[in-house]
Amino acid sequence: AQSVAQPEDQVNVAEGNPLTVKCTYSVSGNPYLFWYVQYPNRGLQFLLKYITGDNLVKGSYGFEAEFNKSQTSFHLKKPSALVSDSALYFCAVRETNAGKSTFGDGTTLTVKP
Amino acid sequence: EAGVAQSPRYKIIEKRQSVAFWCNPISGHATLYWYQQILGQGPKLLIQFQNNGVVDDSQLPKDRFSAERLKGVDSTLKIQPAKLEDSAVYLCASSLDPATGYTFGSGTRLTVV
């Protein structure tokens, strides 16, 4: 069975500093990995995905994520945080050719001016 | 392109009453998902449709929840009778294929009192 862990409920960073939101996963085969963002009273929005290829993937709003197969991790990163990045972030995993994604419980990112 | 449409946005019902949610996915997206998101948790899959056939309903509480996707387009999710623990946001999502991220609707926030 596939699973995702987001070890931090909350991440606080100062505006302009780099940010990292952590995610580890467990699948029996090769994973598809995703990050989504949820703003208050809004649905989830797709940020980026890893399917295959380069371990560093770039997505929307300047975010990127690094796939590390040996550590089964897919951490979300941004070189310089903005106050507007404050939101709830979800990591998700899907086994290759499987239909459904399994989501983590989310990490609240707060960026302070 | 138009997004995933869901209605209603909010619903308050008493326990033991019934409720129905509606979803219209992105045109051409064969796969449709219903997720339940309880406050403080990540989305949990209830049911997955491929066109108008059910692919995965292993986590759907079938004694009270039902869903259908007639003609492979719109979908409805019903709860009858509702329990207090059904209070959650019900998210509909659609996708083109397993390698793409989901597009989520804004969700229906259900409160059972």
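Here the structure is a predicted model, which means the values were calculated and not measured. In what follows, chains carry the letters A, B, and so on, assigned in the order in which the sequence lines appear, proteins first and then strands, with residues in each chain numbered from 1.
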Assess whether atom CG of B:Leu84 is packed by more than 12 heavy atoms of other residues, nucleotides or ligands within 6.0 Å. yes
CD1 (B:Ile12) with more than 12 external heavy atoms under 6.0 Å: no
Do you know the tightest heavy-atom contact between B:Pro43 and A:Gly104? CD-O, 4.5 Å
Given 3.5 Å as the limit, does a donor-acceptor pair link the side chain of B:Tyr102 with the main chain of A:Ser101, or not? yes
In this structure, CZ of A:Phe103 is separated from NZ of B:Lys44 (nearest 0.5 Å) by 10.5 Å
Flag yes if A:Val93 and A:Leu76 sit in one hydrophobic cluster, no otherwise; membership is Ile, Leu, Val, Met, Phe, Trp, Tyr, and two members link when side-chain heavy atoms are under 4.5 Å apart. yes
Would you mind reporting whether B:Phe104 and A:Arg42 have side-chain heavy atoms less than 4.5 Å apart? no
Is B:Leu46 linked to B:Val112 within one hydrophobic cluster, defined over Ile, Leu, Val, Met, Phe, Trp and Tyr using a side-chain heavy-atom separation of less than 4.5 Å? yes
Would you say B:Lys62 has more than 12 foreign heavy atoms packed within less than 6.0 Å of its NZ? yes
Give the member of B:Ala93, B:Gly107, B:Ser106 that has the highest number of heavy-atom pairs under 4.5 Å with chain A. B:Ser106
In this structure, would B:Phe21 and B:Phe49 fall into the same cluster of hydrophobic residues linked by side-chain contacts under 4.5 Å? yes
From A:Asp105 atom CG to B:Ile38 atom CD1, the distance as rounded to the nearest 0.5 Å: 10.5 Å
Check whether A:Gln45 gets within reach of chain B through its side chain, its backbone, both or neither, counting any heavy atom under 4.5 Å. neither
Over all atoms of both residues, closest heavy-atom pair of A:Phe90 and B:Gly42: CE2-CA, 3.4 Å
Enter the distance from A:Lys100:NZ to B:Ser58:OG here, rounded to the nearest 0.5 Å. 4.5 Å
So what's closer than 4.5 Å to chain A heavy atoms on B:Gln37: side chain, backbone, both or neither? side chain
Spell out, yes or no, whether A:Tyr36 and A:Leu109 are grouped together once hydrophobic residues are joined by side-chain heavy atoms under 4.5 Å, including indirect joins. no
